[in-house]
Amino acid sequence: MTAPAESAAPALPFLPFALPEIGDEEIAEVIDTLKSGWVTTGPKTRRFEQDFAAFLGEPGIEAIAVNSATAGLHLALEALGIGPGDEVITTTHTFTATAEVVRYLGADVRLVDIDPATLNIDPAAIEAAITPRTKAILPVHFAGMAVDMDAVLAIARRHGLKVVEDAAHALPTTHAGRLVGTLDSDITVFSFYANKTITTGEGGMAVTRDPALAARMKVMRLHGINRDAFDRFTAKVPSWYYEIVAPGFKYNLTDIAAAMGLHQLRRARPFQEKRAQLAALYDALLADLPLILPPRPAADEVHSWHLYVLRLTDDAPIGRDALIEALYAAGIGCSVHYIPLHLHPYWRARYGLQAAEFPHSQRAYERMLSVPLYTRMTEDDVRRVAAALRRALQP
Ligand SMILES: *Cc1c(COP(=O)(O)O)cnc(C)c1O
């Protein structure tokens, strides 16, 4: 058989949408953990928590390692006393984990629309959704660009509401020159899921300045076990003694995962720099196409560049679905962040939601796609994606 002339060049390998970057140091640390015999929560998890608090760089912040950001968000709302009858306001333009944790506690979710410029929760929409039942605001730093936290925190102060930041995309991200995790919200939660800016496979971190919230999250992270209770009565806790003070959860991080995290954390800044370089190259290569490019933060702010989200303009020659098909045909993986919560059967039915209530999220969803952006990509990979977009959009 002879190959047709036009296929003389070998097909490029598939470019996945996301890939973690795990180096020799992570691998050696995991092997060391396995050989140590301490495979569940132990000294490396403790060290990871200390390193994380040090990374944030402000005194008085406690970091609590958990086995996912979902777990951390659940613990955060539980520690704040959210329960049946309460409402928590969050964005419809997020992953379901942000909102499902509110339902775990029997409280209700008030989904609100986004600012079409940033795709972040719209502070005016938050204010309009507040009722006497509202207890907390749960902003998400979409794609790794900070929410206008000055506005969110001002609303919270005015109405006596708690604030928990979903910072699953936001390591490292700054707002007004301060790292997310050091702002004035009650609790901030990071994710180390496989495709996030640093990864432990599965994992997360809740951070807070409030010692009482930290103590509650630590107790509830592991079965409601409290060893401090004994301290009040005796100088020394026998190693075998503990008390159960609540029906807690099983949300602790393993030392195997923390072993990865110790080294991933040290690479968080170089990883961000690489992502920012690749994002800037995309910006330059795509500027003349019928696309709305991702919003850029002010020059002195850090964007984590977890995601590179494009939107088709009205004069684009093809729609979003066809564009994603064209990219797949060119061997390029892509994704959509997100199918808004108001379109999912559970959330739609639970709260009787209509797309017309969320016009900015709905419109963004219909025209958006996320293209690959991760540290293992080369500039040639970015050029390849940009060329495929150009072929599809300038036929
Ligand atoms: C990934 C993600 C989560 C959940 O993180 P896990 O660590 O997988 O539980 C929550 N919120 C947002 C916005 C996310 O992207």
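Start at 1 and go down the list; that is how both ligands and their atoms are numbered. Predicted model, so just to flag it, every value in this text is computed and none were measured.
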Could you tell me, atom by atom, which parts of ligand 1 come under 4.0 Å of a heavy atom of [X]?
X    : value
V140 : 13 (C)
A97  : 4 (C), 10 (C)
S191 : 5 (O), 6 (P), 7 (O)
A69  : 4 (C), 5 (O), 6 (P), 7 (O), 9 (O)
T94  : 13 (C)
A168 : 2 (C), 3 (C), 10 (C), 11 (N), 12 (C), 14 (C), 15 (O)
Y193 : 8 (O)
G203 : 7 (O)

Treating [X] as the side-chain partner and [Y] as the backbone partner, does any N or O pair qualify as donor plus acceptor under 3.5 Å?
X    : Y    : value
T182 : L56  : no
H141 : V147 : yes
D381 : T378 : yes

(message) Tell me the protein heavy atom at minimum distance from atom 4 (C) of ligand 1, and give that distance in Å.
(response)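 It is T70 OG1, 3.7 Å.
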(message) Give me the residue, atom name and distance of the protein heavy atom closest to atom 11 (N) of ligand 1.
(response)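 Going by distance alone, atom 11 (N) of ligand 1 is nearest to D166 OD2, 2.7 Å.
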(message) I'd like the name of whichever of H93, H169, M205, H141 reaches closest to atom 15 (O) of ligand 1 through any heavy atom.
(response)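 Minimum heavy-atom distance to atom 15 (O) of ligand 1 goes to H169.
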(request) Run down the list K196, H337, E202 and name the one with the heavy atom closest to atom 14 (C) of ligand 1. (result)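 Shortest heavy-atom distance from atom 14 (C) of ligand 1: K196.
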(request) Say whether Y338 and ligand 1 are in contact under the criterion: heavy-atom distance to a ligand atom below 4.0 Å. (result)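 Yes; Y338 lies near enough to ligand 1 that a heavy-atom distance drops under 4.0 Å.
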